[in-house]
Amino acid sequence: MSLRERSRRTEIVDRVIDWFSANQRDFPWREPECSPWGILVSEVMSQQTQMSRVEPKWHEFMSLWPTPADMAAAPVAEVIRRWDRLGYPRRAVNLHRCATAIVENHGGEVPSDRDALLALPAIGAYTSAAVASFAFLRCEPVVDTNIRRVLARAIHGEAIAWDANPRRDDAEMSELLPEDPQRAKLWNAGAMELGAIVCPSKKPQCEVCPIAQLCEWRARNYPASTRKARGQAKFAGSDRQLRGRVMAILRRHPEGVLFDSLPDLVEPLAADSGTSVDISHAERTLLLAEDLIRDGLATRAAERIRLPH
DNA sequence: AACACGGGGTT
DNA sequence: AACCCAGTGTT
């Protein structure tokens with residue numbers, strides 16, 4: 001890499017840190033007194049979920065279960081029920097498993113090593129680095145969807161980020177990571193915040209961007225991407241929607257319901273559901289209920305199905 | 001590499 | 001109605 005390019009990248013990091021220090025949003029998990037557990041909970045809730053939806057749920061969880069031991073002592077059914085409609089309810093099960101593992105294997109304290117964090121359920125490449133950096137000031141490379149987009153644009157001049165690839169992403173972000181842990185944290189959080197606030201997927205606000213003058217995508221006059229974004233499956237009529245409806249039934253019935261009655265309790269979906277057209281609504285509902293049991297989101301005893309204890 | 005996995009906000 | 005969102009685990 002040329003000396004000039006090296007200098008450009010250093011300047012990008014410096015300006016993002018300055019911008020973030022002055023313009024970051026106030027979130028409770030960014031307060032200095034926030035515990036590592038609070039940060040871990042915020043990161044798990046934030047997976048594929050907008051901050052505006054996370055904040056109230058985070059307050060509720062921290063009030064109910066201020067430490068890992070508190071959550072580990074609660075029935076997983078209660079964590080699932082409180083998770084409510086935040087989405088991907090397996091995260092609730094996994095968060096409860098995290099709490100249990102932290103109590104049993106780490107003396108009730110969230111571990112600070114990235115590898116130890118990575119070993120916890122639902123903690124992957126992103127969350128392990130985020131908790132290590134934000135809660136413990138470790139110099140770990142954080143890469144989320146915002147950062148992949150910011151780097152694709154500012155560094156590489158591409159409109160759309162490459163597909164996530166933990167090894168390559170880690171290596172790329174590591175090259176930019178400041179050696180000072182406090183600055184590494186500010187760069188990690190700042191690049192993420194810049195992508196969320198100033199440089200979103202649609203309509204980037206280059207006029208207020210601190211690195212507009214250094215941005216390669218802007219220098220090339222915003223070429224459209226050559227790659228195509230991954231299409232998303234329809235939600236209406238999908239298995240995901242039906243699973244969600246079964247979970248809603250289970251949350252509403254603490255004592256559980258007759259397994260065979262599930263199809264009647266779940267609102268029948270639109271007839272044009274597209275997939276699985278050759279099996280009945282009742283069959284499909286019962287099959288998905290079995291999946292939920294396998295995923296730890298429900299248990300079945302005798303003829304009844306309910307949230308797990 | 002491609003999917004499945006929720007549900008709601010945004011355009 | 002399509003796209004997007006502080007991802008993870010499986011195939």
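Residue numbers begin at 1 in each chain, while the letters A, B, ... track the order of the sequences.
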Could you work out the separation of [N] and [M] based on their [atom1] atoms and round it to a whole Å?
N: C/dT8; M: B/dG8; atom1: P; result: 22 Å
N: B/dG7; M: C/dT10; atom1: C1'; result: 22 Å
N: B/dC3; M: C/dA6; atom1: P; result: 23 Å

Notebook entry, point to check: Any side-chain donor-acceptor pair under 3.5 Å between A/Tyr126 and A/Glu43?
Noted result: yes
Next item on the list: In sequence, state the C-alpha distance, the side-chain angles, and the governing distance for A/Arg149 and A/Ser201, and then conclude on side chain to side chain donor-acceptor pair (under 3.5 Å).
Entry: CA-CA 8 Å; A/Arg149 185 176 54 254; A/Ser201 181; 5.0 Å; no
Notebook entry, point to check: How would nucleotides 1-11 of chain C be written as a contact map, 5' to 3', with B for base contact, S for sugar-phosphate-only contact and - for no contact, using protein heavy atoms under 4.0 Å?
Noted result: -SBBBBBSS--
Next item on the list: Quick one: label A/Ile147 by what it contacts on the DNA or RNA (base, sugar-phosphate, nothing), any heavy atom closer than 4.0 Å.
Entry: nothing
Check: Heavy atoms under 4.0 Å, any strand shown: does A/Arg240 hit a base, just sugar-phosphate, or nothing?
Finding: base
Item checked: Results of salt bridge (Lys or Arg N to Asp or Glu O under 4.0 Å) for A/Arg97 - residues two or more places apart only -> none
Margin query: Suppose the criterion is side chain to side chain donor-acceptor pair (under 3.5 Å): which pairs have a residue in residues 252-265 of chain A, not counting sequence neighbours?
Written below: none
Next item on the list: Could you tell me from which nucleotide to which nucleotide of DNA chain B, 5' to 3', there is an atom under 4.0 Å from chain A heavy atoms?
Entry: B/dA2 to B/dG9
Next item on the list: Measure the acute angle between the ring planes of A/Phe61 and A/Trp65, then classify it against the limits of 30° and 60° as parallel, tilted or perpendicular.
Entry: perpendicular
Using atom types as modelled, flag every donor-acceptor pair under 3.5 Å from a side chain in residues 161-168 of chain A to any protein atom, sequence neighbours excluded.
from	atom 1	to	atom 2	distance (Å)
A/Trp162	NE1	A/Asp169	OD1	2.6
A/Asp163	OD2	A/Arg230	NH2	3.4
A/Asn165	OD1	A/Arg167	N	3.3
A/Asn165	OD1	A/Arg168	N	3.3
A/Arg168	NH2	A/Asp163	O	3.2

Check: Which other residues belong to the hydrophobic cluster containing A/Trp217, where Ile, Leu, Val, Met, Phe, Trp and Tyr are joined when side-chain heavy atoms lie under 4.5 Å apart, directly or via other members?
Finding: A/Tyr222
Item checked: A/Met51 CE to A/Glu193 CD distance, which is reported to the nearest 0.5 Å -> 9.5 Å
Notebook entry, point to check: Which residue, A/Asp163 or A/Gly244, contacts DNA chain B at a nucleotide closer to its 5' end, judged by nearest heavy atom?
Noted result: A/Asp163
